[in-house]
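Read through the structure below, which is laid out as structure tokens, and then see the notes.
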Amino acid sequence: MRFSSTLGGLLSATVVIAAPMPTPVAEPVPVPMPTPPGIPAASSARTQLAALTVATAVDDGSYDRDLFPTWDTITGTCNTREYVLRRDGTNVVVGSDCYPTSGTWTSPYDGGRWTAPSDVDIDHMVPLKNAWVSGASRWTTAKREQFANDVTRPQLWAVTDNVNSSKGDKSPDTWKPPLTSFYCTYARAYVAVKSYWALTVTSAEKSALTTMLNTC
């Protein structure tokens, strides 16, 4: 009896209550990245890149952002920024002034998702100052305005505001988007804009774009 009692006590002492199984969490559904118009295939982008003039950037210190007027009225009451926010967002609702009152934006540069338009900047794929030092300094103000508000090519992108700030006026040899998976699209868009507007590239810029296109 003493043995049985002791054994029973040991068994009772070693009983472990299993912890409840965690509730499975569904994988997030991938959100399609915005796709501005005019992005060429990788093969076409390589051909366009090969045709660009390679030249040293000419920075005479006279660049001023006001030399590239923004934001123009694109349609109805929508200016360029509001137009791109509507184009690149999901379930975007706007007021009579075209400013978004709700919606979701996925930044292709870093994958960030935002529901407040104030968290989203409109980035110029080819930065305005880069355009200035690669040929736009010789343009008329009217042509620079067309470039700065170009919604028919992949020049304008809705992206996370602080990512846009980190890019600033840098070209791909000194800045690349945080998502390496976006390198291919970024380079294709960048080359398309440079090609259409007949802007030059530096040798370092061309090398970086070539490397990025090799990820396609």
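Numbering starts at 1 and runs along the sequence shown. Quick caveat: nothing in here was measured; it's all calculated off a predicted structure.
For the residue pair Lys194 / Thr200, no side-chain donor-acceptor distance below 3.5 Å is found, with atom types taken as modelled. Side chain to side chain, Ser107 and Asp110 meet the donor-acceptor criterion of an N or O pair below 3.5 Å. Checking Thr90 against Trp105 by side-chain atom types alone, no donor-acceptor pair falls below 3.5 Å. In summary, the side chains of Asp123 and Tyr109 do present a donor paired with an acceptor at a separation below 3.5 Å, with no hydrogens or angles considered. In summary, the side chains of Asp150 and Thr152 do present a donor paired with an acceptor at a separation below 3.5 Å, with no hydrogens or angles considered. Checked by atom type, the side-chain pair Trp114/Thr104 shows no donor-acceptor distance below 3.5 Å. Between the side chains of Arg46 and Ser43, no donor-acceptor pair of N or O atoms lies under 3.5 Å.
Rounded to the nearest 0.5 angstrom, Ile122 CD1 and Asp88 CG are separated by 7.0 Å. Separation of atoms NZ (Lys129) and CG (Leu67) is listed at 12.0 Å; rounding is to 0.5 Å. The structure places CG of Asp169 at 13.5 Å from CH2 of Trp132, a figure rounded to the nearest 0.5 Å. With values rounded to the nearest 0.5 angstrom, Thr174 atom OG1 is found 9.0 Å from Asn130 atom CG. Annotation: the span from Leu49 atom CG to Ser195 atom OG amounts to 9.5 Å, rounded to 0.5 Å.
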Steps toward side-chain contact (heavy atoms from CB on, under 4.5 Å) verdict (Val120, Leu85):
CA-CA 8 Å; Val120 180; Leu85 286 172; 3.8 Å; yes

Test side-chain contact (heavy atoms from CB on, under 4.5 Å) applied to Tyr196 and Gln48, step by step
CA-CA 9 Å; Tyr196 177 83; Gln48 291 174 348; over 6 Å; no

Can you list the steps and then say if Arg65 with Leu128 is a side-chain contact (heavy atoms from CB on, under 4.5 Å)?
CA-CA 7 Å; Arg65 198 183 188 289; Leu128 302 183; 3.9 Å; yes

For His124 and Trp197: C-alpha separation, side-chain torsions, deciding distance, then whether ring-ring contact (aromatic ring centres under 6.0 Å, His included) applies.
CA-CA 13 Å; His124 289 92; Trp197 291 97; over 10 Å; no

Stepwise side-chain hydrogen bond (donor to acceptor under 3.5 Å, both in side chains) check, Thr80 with Asp72:
CA-CA 6 Å; Thr80 311; Asp72 289 355; 5.5 Å; no

Go through Lys176 and Tyr186 one step at a time and tell me if the side-chain contact (heavy atoms from CB on, under 4.5 Å) criterion holds.
CA-CA 9 Å; Lys176 295 178 179 62; Tyr186 190 93; over 6 Å; no

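Using a 30° and 60° split on the angle between ring planes, Phe147 and Trp139 fall in the perpendicular class, above 60°.
In summary, the aromatic rings of Phe182 and Trp157 are positioned with their centroids under 6.0 Å apart.
In summary, Asp173 and Lys206 do not engage in a salt bridge, as defined by a charged side-chain N under 4.0 Å from a carboxylate O.
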